[in-house]
Amino acid sequence: MTVEAKKETLGFQTEVKQLLHLMIHSLYSNREIFLRELVSNASDAADKLRFEALHNDGLLESDPNLDIRVDFDQEDKTITIADNGIGMNREDVIAHLGTIAKSGTADFLKQLTGDQKKDSQLIGQFGVGFYSAFIVADKVTVETRKADASAKEAVRWVSDGSGEFTVEGISKEKRGTSIILHLKEDAEEFADGWRLRNIIRKYSDHISMPILMVKQDMSSEEEKQEDQAPEWETVNTAKALWTRSRSDISEDEYKEFYKHISHDFADPMKWSHNRVEGKLEYNSLLFIPAKAPFDLYNRDMQKGLKLYVQRVFIMDQADEFLPMYLRFIKGVVDSNDLSLNVSREILQKDPAVDSMKGALTKRVLDMLEKMAKKEEEQYAEFWKEFGQVLKEGPAEDFANREKVAKLLRFASTESKGVEQDQSLEGYVSRMKEGQDKIYYITAETHNAAANSPHLEVFRKKGIEVLLLSDRVDEWLMSHLNEFDSKQFADIARGDLDLGQLDDEGDKKALEESAKEKEDLLKRIKDALVDQVEEVRVTHRLTDSPACLVVGEHDMGAQMRKIMEAAGQAMPESKPIFEINPEHPLISRLDQEADEDRFTDLCRVVFDQANLAAGGQLDDPASYVQRLNKLLLEMAG
Ligand code: ADP
Ligand code: MG
C-alpha cells in the first residue's frame with residue numbers, strides 16, 4: 001500500500017464544525033436545497049474540466065459527454081450525485097471538503113446568535129455549498145478522481161459531519177466525482193424518483209448541462225427484466241439560461257440561476273438580461289443581490305462576473321468587466337469575440353473588454369436609475385445595503401460621475417430621521433431663491449453633524465444642508481465638485497459665503513463688530529497661539545459661543561484619519577476659531593482682566609467648540625480640570 005492510499009483521519013477546521021452544526025439545526029425547514037448545492041458543484045466541476053480541456057484535448061477524450069447523474073436506492077436509503085467533471089486529488093479533497101477558504105469566515109460566524117431564524121438568514125449571505133449534504137445525510141461518502149489522474153489515484157472521503165473525516169486512496173474507473181448521501185432516518189423521503197425530479201426541475205433546470213436520472217420503470221413486476229442496463233433520461237432543460245430569450249425564462253428560473261452563480265441563498269433584488277449584437281457580440285445577465293455579502297469590504301471578496309466565451313466557461317471572478325464600486329454585482333458575460341484562450345493578462349489589455357465594461361457599467365447604472373425612479377422603497381433597501389460602495393463611484397468613474405451622483409442618497413436637515421433618503425435632484429429642487437450652492441457638513445456621526453453649531457445660521461435662514469457621516473463621505477465630496485452646475489460647499493470650511501442669501505445689513509453688522517472686537521480677537525489668538533491658525537468673528541452662529549472652521553485647503557478630520565490609518569504622515573494643520581460676539585460667554589471673556597483666567601476660559605471655549613463638532617480632545621483631562629476650576633470659582 002502506498003502512502004497515498006493510506007487511510008487517514010483528519011479534523012474539520014473549527015469554522016466548518018460551527019457551520020455544520022448551525023446548518024443542521026437552522027436549515028431544516030428547507031432541506032431540499034442540498035440537491036441544488038451538490039448539482040451546482042457538479043456543474044462547476046464540468047465547467048472547469050471543459051475549460052482545462054481547451055489546452056489539453058486528452059482530458060475529455062475518454063468520456064466526452066459531460067453530464068450529471070442523480071440516482072437513488074430506496075432500500076439502502078442513499079442518493080448519489082455523480083459528475084464526470086474535473087474531479088479532485090487528495091490535496092484538493094482535504095482543502096475543499098475540510099476547510100472554508102473564504103477570508104473573514106471566523107468573523108462572520110461570530111455574528112451568529114443561535115437564534116435559528118436570524119441565523120438562517122445570515123447563513124444565506126454566506127452560502128453553505130457542499131456541507132449542506134449533512135442537512136439530509138448522517139454520512140456522506142465522496143469518491144473522486146481528478147481528470148488527469150489514473151484510475152488508481154482516486155480518493156474516498158467519508159464523514160458523518162460531526163468533527164472528523166477520513167481520506168483514503170481507492171480505484172475509480174472514470175474521472176469525476178460521486179457524492180453518496182446516506183440519508184438520515186427523517187430524510188428518507190428524498191430517496192424517491194418523483195421527488196428528486198421535482199427538486200431538480202425546481203432549482204436546477206437552468207444548469208446548462210444535462211442532469212440525468214434513470215427512467216422510471218412503469219412496467220409491472222412480471223414484465224420487469226432483470227439485468228437490463230438502466231436507461232437514463234435528461235430531466236432538465238439543459239441549455240445555458242442566458243442564451244435563451246427573455247420571454248421564455250420565468251422569474252423563478254432567473255432566481256435559481258442567480259443562486260447557482262452567486263452561491264447566495266436569498267433571491268436577487270433585480271436583474272438585467274441583454275443580448276448585444278453589432279461590432280461586439282455578447283450576452284450578459286447581471287444581478288443585484290438583496291443583501292450585501294459579509295465581506296463586501298474585504299480585499300479578497302469574490303467579485304466580478306462569470307466569463308464564458310461562446311458558451312464555454314472561462315473563469316470566475318472576471319473583474320475586468322465592471323468597476324470596483326459595482327463589485328457587488330453578480331452575473332455572467334458570454335462573449336463571441338474573445339478568444340477561448342483568453343487569460344486575465346489579455347483581458348486587462350483588450351480594448352473590446354474595455355468597451356464591454358463601459359456598456360455593462362451603464363446597464364447597471366440604468367437599472368439602478370430605473371429602480372430609484374419607479375420603486376423608491378426597493379431603492380431605499382438597495383441604498384442601505386450598497387450605498388456606501390456606490391459612494392466610491394465618483395472617485396473611480398469620472399465618465400459616469402453625474403450619473404452616479406444622481407443615484408446618491410444623503411441625510412439632510414430635511415430628513416425625518418437618520419435615514420439617507422434625499423437625492424441631489426431633490427435638494428436642488430428645494431434650493432432657496434438666490435442659493436447657488438449645495439451645502440453640506442461632514443462629521444464622525446450623524447448626530448454630530450445634525451447638531452453641529454455650524455448649522456445655526458442655515459436653520460435661521462431655512463437653508464437645507466446635507467449631513468454626512470459615513471467614512472467615505474469626505475473622500476466622496478473631494479471628487480464631487482458640482483451637481484447640475486451647482487457647486488458643493490462644506491459649511492465648516494473656509495469663509496462661509498452665502499452669496500445672495502446673505503443679508504446686506506447682517507454683513508455690515510459683522511464687519512463693524514469685527515472692527516470693534518479687534519483687541520479681543522488678538523487677545524484670544526495670543527492665548528491659543530499653539531492651537532489656532534486664526535481667530536475671527538463668525539456669522540455662522542446664532543446660539544453657540546464659538547466654532548472651529550477648517551482652512552480652505554486643509555484636510556478634513558475624516559480624510560486625515562483615513563490617511564493616517566494608511567500610514568501616511570500628515571502635516572499639522574490648525575483650525576480657524578470663530579467667535580460669536582453676541583454670546584454672553586464671549587462678552588464675559590471680553591471683560592476678564594485676569595490673564596490666567598482669560599486663558600483658561602479661552603481654552604475651555606475652544607475645546608468645547610471642538611467637542612460640539614464631534615471632535616476629540618488631545619488632552620481631555622486638562623479640559624476637565626480647567627472646567628472644574630472655573631466651576632468652583634463660580635461657586636465660590
Ligand atoms: P463553492 O461551490 O462555493 O466553492 P462548496 O462548499 O459548494 O463551495 O464546494 C467547495 C469546493 O469543493 C468547491 O469549490 C470545489 O473546489 C470542491 N468541490 C465540491 N464539489 C465538487 C465536485 N463535484 N467536483 C469537483 N470539486 C468539487
Ligand atoms: Mg458550491
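In listed order, ligands and their atoms are each counted from 1.
Protein heavy atom at the shortest distance from atom 10 (C) of ligand 1 is H96 O, 3.9 Å. The single protein non-hydrogen atom nearest to atom 25 (C) of ligand 1 is A45 CB, 3.7 Å, given as residue, atom name and distance. In this structure, atom 18 (N) of ligand 1 lies nearest to the protein heavy atom M88 CE, 3.9 Å. Of all protein heavy atoms, the one closest to atom 19 (C) of ligand 1 is N41 ND2, 3.6 Å. Closest protein heavy atom to atom 5 (P) of ligand 1: F130 N, 3.4 Å.
Of the possible donor and acceptor atoms, one in the side chain of D334 sits under 3.5 Å from a partner among the backbone N and O of Q310. Remark: side-chain polar atoms of D83 are not paired, donor with acceptor, to backbone N or O of A45 under 3.5 angstrom. E320 contributes no side-chain N or O that, together with a main-chain N or O of Q348, makes up a donor-acceptor pair within less than 3.5 Å.
Between D44 and ligand 1, not a single N/O pair is under 3.5 Å apart. Looking at G129 next to ligand 1, no N or O pair under 3.5 Å apart turns up.
Partner of F130 under the ring-ring contact (aromatic ring centres under 6.0 Å, His included) criterion, chosen from F34, F12, W157: W157.
Under a cut-off of 6.0 angstrom, the local environment of NZ in K139 is sparse, with at most 12 non-hydrogen atoms contributed by other residues, nucleotides or ligands. The local environment of CH2 in W271 is crowded, with over 12 non-hydrogen atoms from other residues, nucleotides or ligands closer than 6.0 Å.
Salt-bridge formation is detected for the pair K259/D267: a Lys NZ or Arg NE/NH1/NH2 atom is positioned less than 4.0 Å from an Asp or Glu carboxylate oxygen.
Under 4.0 angstrom from ligand 1, the non-hydrogen atoms of D83 all belong to its side chain.
Residue nearest to atom 14 (O) of ligand 1, selected from Q302, E37, K48, H263: K48 (by heavy-atom distance).
Considering every non-hydrogen atom in both W383 and Q420, the closest pair reads NE1-OE1, 2.7 Å.
The atoms of ligand 1 that sit less than 4.0 Å from any heavy atom of L97 are 12 (O).
Taking backbone and side-chain atoms together, N41 has an N/O/S atom less than 2.8 Å away from the Mg ion (ligand 2).
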